[in-house]
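The following block contains the structure, expressed as structure tokens.
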Amino acid sequence: MNGKQLQKSISAPSLSGTIPVAIEYLILFGIGIIAILLHARLKTPLNIPGHHGLEFMALLMAGRVASKIKWASSISSLGIGFILLFPVFGFNDPFMGINFMLPGIVIDVFYNLVWKSRFHLLILFLISGLAYYTIPLSRFFIHTITGYPYPSFIKHGYLIPLLYYFLFGAAGGFAGAGITSYLLKLFKRKQ
């Protein structure tokens with residue numbers, strides 16, 4: 001209480017440094033919750049497999065691109081898994097948690113390998129497509145091993161769902177990454 005500032009300790013975490021990180025974790029977790037709730041609420045009878053990849057992957061990639069946390073999309077996947085613990089949203093697939101958590105994990109694995117590439121947005125397009133592609137791929141393996149029936153395979157065969165999930169996931173992820181990158185650059189210019 002003599003007016004001198006206390007010496008900062010490198011090993012002691014500062015409260016101001018941990019609050020934004022904690023909020024960022026909550027936001028990423030919330031992005032996963034929003035992504036799966038939109039999937040539940042936007043049940044449209046388009047009969048096009050994978051069309052929810054547009055909004056789902058846009059949200060996951062927006063969170064991934066905006067965050068500096070190494071495993072940001074995996075944190076969003078935890079939000080997806082958390083909300084799927086509650087069977088009140090009309091999902092009756094017992095494997096849905098596994099299927100819909102995979103894209104976030106795949107995004108992080110590939111994003112952390114190539115994030116400094118000069119073809120950043122093109123690579124994010126491919127990563128998004130591959131990440132969302134894991135949903136029908138995991139369903140195919142589950143169907144093959146357990147015999148659990150997936151309506152998209154019954155209606156469209158195996159090739160169409162695989163192709164459409166890749167295309168919708170890539171388009172959604174590309175849009176989310178592109179818009180977020182643009183907004184981040186715009187925000188930095190105004191500072």
Problem set entry | Inter-residue atom distance Met96.CE - Ile80.CD1, 0.5 Å rounding | 9.5 Å
Exercise. Leu183: which other cluster members, linking ILVMFWY side chains closer than 4.5 Å, directly or transitively?
Worked result: Ile179, Tyr182, Leu186
Exercise. Angle class for the Phe29/Phe82 ring planes (parallel below 30°, perpendicular above 60°, tilted otherwise)?
Worked result: tilted
For this session: Could you pull out the closest heavy-atom pair between Met57 and Ser128, with the gap in Å?
Result: CE-O, 3.5 Å
Compile the donor-acceptor pairs under 3.5 Å between side chains in residues 101-113 and protein atoms, sequence neighbours left out, one pair per line.
{"residue": "Asp108", "atom": "OD1", "partner": "Arg64", "partner atom": "NH1", "Å": "3.2"}
{"residue": "Asp108", "atom": "OD1", "partner": "Ser73", "partner atom": "N", "Å": "3.2"}
{"residue": "Asp108", "atom": "OD2", "partner": "Ser73", "partner atom": "N", "Å": "3.1"}
{"residue": "Asp108", "atom": "OD2", "partner": "Ser74", "partner atom": "N", "Å": "2.6"}
{"residue": "Asp108", "atom": "OD2", "partner": "Ser74", "partner atom": "OG", "Å": "2.8"}
{"residue": "Asn112", "atom": "ND2", "partner": "Lys70", "partner atom": "O", "Å": "3.0"}
{"residue": "Asn112", "atom": "ND2", "partner": "Asp108", "partner atom": "O", "Å": "2.9"}

Exercise. Could you state the interatomic distance from CD1 (Ile160) to NZ (Lys155), rounded to the nearest 0.5 Å?
Worked result: 14.0 Å
For this session: With side-chain contact (heavy atoms from CB on, under 4.5 Å) as the test, would you mind laying out the steps for Thr180 and Met61 before giving the verdict?
Result: CA-CA 8 Å; Thr180 304; Met61 286 305 289; over 6 Å; no
Problem set entry | Shortest non-hydrogen separation from Gly79 to Ile33 and the atoms involved | O-CG1, 3.5 Å
Problem set entry | Where Glu55 and His51 come nearest, the two heavy atoms and their spacing | OE1-O, 4.0 Å
Exercise. What pairs of residues pass the side-chain hydrogen bond (donor to acceptor under 3.5 Å, both in side chains) test when at least one of them lies in residues 132-141, not counting sequence neighbours?
Worked result: Asn99-Ser138, Arg139-Tyr165
Exercise. Got a second to check how far Trp71's CH2 is from Leu78's CG, nearest 0.5 Å?
Worked result: 12.5 Å
For this session: Establish, yes or no, whether a centroid distance under 6.0 Å links the rings of Tyr164 and His156.
Result: no
For this session: Apply side-chain contact (heavy atoms from CB on, under 4.5 Å) to the pair Leu126 and Phe166, showing each step before the final yes or no.
Result: CA-CA 9 Å; Leu126 295 172; Phe166 178 84; 4.3 Å; yes
Exercise. Closest heavy-atom contact between Gly63 and Ala72?
Worked result: O-CB, 4.2 Å
Exercise. Side chains of Phe95 and Phe141: closer than 4.5 Å at any heavy-atom pair?
Worked result: no
Problem set entry | Heavy-atom closest contact (Val114 atom, Ile123 atom, distance) | CG2-CG2, 3.3 Å
Exercise. For Asp93 and Tyr148, which heavy atoms make the closest approach, and how far apart are they?
Worked result: CA-OH, 3.4 Å
Problem set entry | Euclidean distance, Phe100 CZ relative to Ile36 CD1, rounded to 0.5 Å | 5.0 Å
